[in-house]
J.: 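A single structure is presented below for examination.
Numbered from 1 within each chain, the chains take letters A, B, ... in sequence-line order.
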Protein chains: 2
Amino acid sequence: MMTSKLEYDGRLEKVRERMISQGLSALLVFDPANLYYLTGYNAWSFYTPQLLFVPIEGDLVFAAREMDARGTFRTAWLTQESVIGYPENYVHRPDRHPFEWVGARLRDRGLVRPGSRVGLELDAHFFSPRAYLSLVSTLPEWEFIDSLDLVNWVRVVKSPGEIDLMRAAGAVVTGAMQTAIGNAKVGVRQCDVAAQISHSQYAGTPEFGGDYPAIVPMMPTGVDANIPHLTWTKRELADDEAVVIEIAGVHQRYHTPLARTIILGRPPAKLQSLAGAAGEGMEAVLESVRTDIPACDLARAWNREIAKYGLEKASRIGYSIGIGYPPDWGERTVSLRVEDETVLQENMTFHIICGMWMDDYGYEVSEPIRVTADGVELFANVPRGLIGKEVYS
Amino acid sequence: MMTSKLEYDGRLEKVRERMISQGLSALLVFDPANLYYLTGYNAWSFYTPQLLFVPIEGDLVFAAREMDARGTFRTAWLTQESVIGYPENYVHRPDRHPFEWVGARLRDRGLVRPGSRVGLELDAHFFSPRAYLSLVSTLPEWEFIDSLDLVNWVRVVKSPGEIDLMRAAGAVVTGAMQTAIGNAKVGVRQCDVAAQISHSQYAGTPEFGGDYPAIVPMMPTGVDANIPHLTWTKRELADDEAVVIEIAGVHQRYHTPLARTIILGRPPAKLQSLAGAAGEGMEAVLESVRTDIPACDLARAWNREIAKYGLEKASRIGYSIGIGYPPDWGERTVSLRVEDETVLQENMTFHIICGMWMDDYGYEVSEPIRVTADGVELFANVPRGLIGKEVYS
């Protein structure tokens, strides 16, 4: 499942169409997921500044730290001539920033035309204010404007090849969640459960190798189960505790996240009741998925269903997924909530997450899904409902 | 090994001393490692905007997304009154930024005094240009200036309690590297080796639970071994391949990174020769470590030694370590290179990394260390040298 140069060309064409409609003559890309989408570049090098220059026509230019730049061709289709590496003595220096050097090289190459409107990913992870201010002062010829997550929006509708990668990720997360369910037992340390999950995520399946997820296993437990983003401790799991597990399967950077809630013993009535309501809500959402409806319709279907149980939920019930790098596997585009009017199209992919965080307990159930021509495809295959010695739903 | 309120008070005092010397009346902290250092707050919530307001006197205020804010007390010493949660409908919205809401709440609390000089971590991960521009426009009363990694610089010298946590991390990484060495065999998929390493990192030891590292296992292999930041594929390890393993042990967010190079078969003469030179260089550095010398002296000791073999190295040979969150386990302060004049003090901690990346092969050996009153303490305990069926050095 190698991504073809033809597919990369198509992605770049879509990005350039959007650049034209947003009046941009060039775009600077910082988000590692967007870099990977456009070039295939894949290394843990995003902790030092790097950028991809995308002109409205002509060759792309990728700039990174020297030790990373010279190996770009190992993962990206870019030629070595398209890659510039800034000197190692620009790394972590208070008195100089790598983009001063990179800006000068872009100017040397004749790429800095006065008056160009250049889009910046102003909300990208790994693009710091200092890097931004460095670009502004180094390249006064350019007018910088927010690209408004331009590439992220191109990524929202997946190609058939991308869907295949997400199906592989779905097989990985199915295995990893089964591992979690099999290992979460009274007396086992939380860190040992996390270790088994991680093993399963990295190893993947015999057919599909696993990859690292953008987020480590989240597993808020017991009285902490009402806090969604806690990781783990070395405390042993106790009788009658609930453990919320939220993890992703990953294949070639494509993510399919999945959440389930495990009860170690007898479920309290209030948790069982919450699980029942959330399960009905999830069913209502899945039954509503179709093309040509606005994203908010899914949130409304959820709200209607859980209102029958006297419940409401302040946070969105899902978001667009695909390529992910730490710290997030969401694409920062479509959110499934009442304020989002984005019209659903075939091959959009979402993490539908029905998380309910109450005063001293919580419940999560989720599904990674694809919008199909006539409904919905589930990427994972794990029973829903509160999971204990039996599945309560 | 719980961090006491007394220790947190001491850290805050040191931060405020630096604030006075830098002429700051308040500081805004975004780096998750700095948040953890000052408050103990620890959750995977840093993918949405959050900040800690540190006034020169008076209470701290922490602002995060509502679903995260209400559980802050689970890990931080902060009282619930010190925490404000912005509404969920501010998450990932192109038309509003959470810091507009947070800024207004700070103003409501009477904390926004005109003319205040407020330090910002302009180079922190997870502080985007959009977040920066939102603060600038929301709080025009404040004069914002770069804090120049103020809190990071306070973190450079560790307390005895922090050293204990790093010793625990050292035990974890010793086990994880032994796992890597035991599992890297011809015919095993790279992803399966990574899975075993990760299992060992998360599980930790029976005494010390493991925690997630800021960086996943890096394991550039074969002809890719000259590229330091590659992760893994599902390709099987082959006869006579070299595998560079760079990983960290983590305990309560404190990191001790460690690199070794494994040869699966007979080492080529050039690799064995490079390993010998790097090993001598490492010995020379370790013998040079002492208090009251500038950091650059360690780089010079390295340069002198490897020059005997006709080698040179453009990149630094180490950096300060301690608390880490993705994407980096370095503290972004002291670098061991000829340009860095920082004077070494007792209980500074470094990752000394002797990585040599040649045309089509590479070699890494590293040690996480503490500067002691009279020399050096090693946190890990794994034989150095090129590791094969025997250790070549």
J.: Can you tell if the side chain of B/His92 reaches within under 4.5 Å of the side chain of A/Tyr319, non-hydrogen atoms only?
T.: no

J.: Tell me, side chain or backbone of A/Asp149 under 4.5 Å from chain B's heavy atoms, or both, or neither?
T.: neither

J.: Side chain from CB out, backbone as N, CA, C, O: work out which of these in A/Glu66 comes under 4.5 Å of a heavy atom of chain B, or both, or neither.
T.: side chain

J.: Nearest 0.5 angstrom please: B/Ser134 OG to A/Leu122 CG, how far?
T.: 12.0 Å

J.: Which atoms form the tightest heavy-atom contact between B/Pro129 and A/Ser128, and what is the distance?
T.: CG-O, 3.8 Å

J.: B/Arg74 versus chain A, heavy atoms under 4.5 Å apart: side chain, backbone, both or neither?
T.: side chain

J.: Tell me, side chain or backbone of B/Thr231 under 4.5 Å from chain A's heavy atoms, or both, or neither?
T.: side chain

J.: Sort B/Thr75 into side chain, backbone, both or neither according to what part of it lies under 4.5 angstrom from a heavy atom of chain A.
T.: side chain

J.: Quick one: closest heavy-atom pair of A/His125 and B/Phe126, and the distance?
T.: ND1-CD2, 3.8 Å

J.: Heavy-atom distance under 4.5 Å to chain B: side chain of A/Pro206, backbone, both or neither?
T.: backbone

J.: At a heavy-atom distance under 4.5 Å, which candidate from B/Asp211, B/Asp146, B/Thr333 has the highest pair count against chain A?
T.: B/Asp211

J.: Using a 4.5 Å cut-off on heavy atoms from C-beta on, say whether the side chain of B/Pro217 contacts that of A/Tyr202.
T.: yes

J.: How far apart are the closest heavy atoms of A/Phe46 and B/Pro327, and which atoms are they?
T.: CE1-CB, 3.7 Å

J.: Would a 4.5 Å heavy-atom cut-off, applied to side chains only, mark A/Glu339 and B/Arg93 as touching?
T.: yes

J.: Among B/Lys234, B/His199, B/Arg332, single out the residue with the greatest number of heavy-atom pairs under 4.5 Å to chain A.
T.: B/His199

J.: So do the side chains of B/Met67 and A/His229 get within less than 4.5 Å of each other, counting heavy atoms only?
T.: yes

J.: Considering only heavy atoms, which portion of A/Trp357 lies under 4.5 Å from any heavy atom of chain B: side chain, backbone, both, or neither?
T.: both

J.: Can you tell me which portion of A/Ala124 sits under 4.5 Å from chain B's heavy atoms? Options are side chain, backbone, both or neither.
T.: backbone

J.: What's the spacing between A/Leu230 CG and B/Asn42 CG if we round to 0.5 Å?
T.: 8.0 Å

J.: Given heavy-atom pairs under 4.5 angstrom as the criterion, report whether the side chain, backbone, both or neither of A/Glu207 touches chain B.
T.: backbone

J.: With a 4.5 Å cut-off on heavy-atom pairs, point out which of B/Leu133, B/Asp340, B/Leu148 contacts chain A the most.
T.: B/Leu133

J.: With a 4.5 angstrom heavy-atom cut-off, is it the side chain or the backbone of A/Val193 that approaches chain B, or both, or neither?
T.: neither

J.: Which atoms of A/Val338 come close to chain B, meaning under 4.5 Å heavy atom to heavy atom: side chain ones, backbone ones, both, or neither?
T.: neither

J.: Using modelled atom types and a 3.5 Å cut-off, is there a donor and acceptor pairing between side-chain atoms of A/Trp232 and backbone atoms of B/Tyr212?
T.: no

J.: What distance do B/Trp329 atom CH2 and A/Tyr47 atom OH have between them, rounded to the nearest 0.5 Å?
T.: 8.5 Å

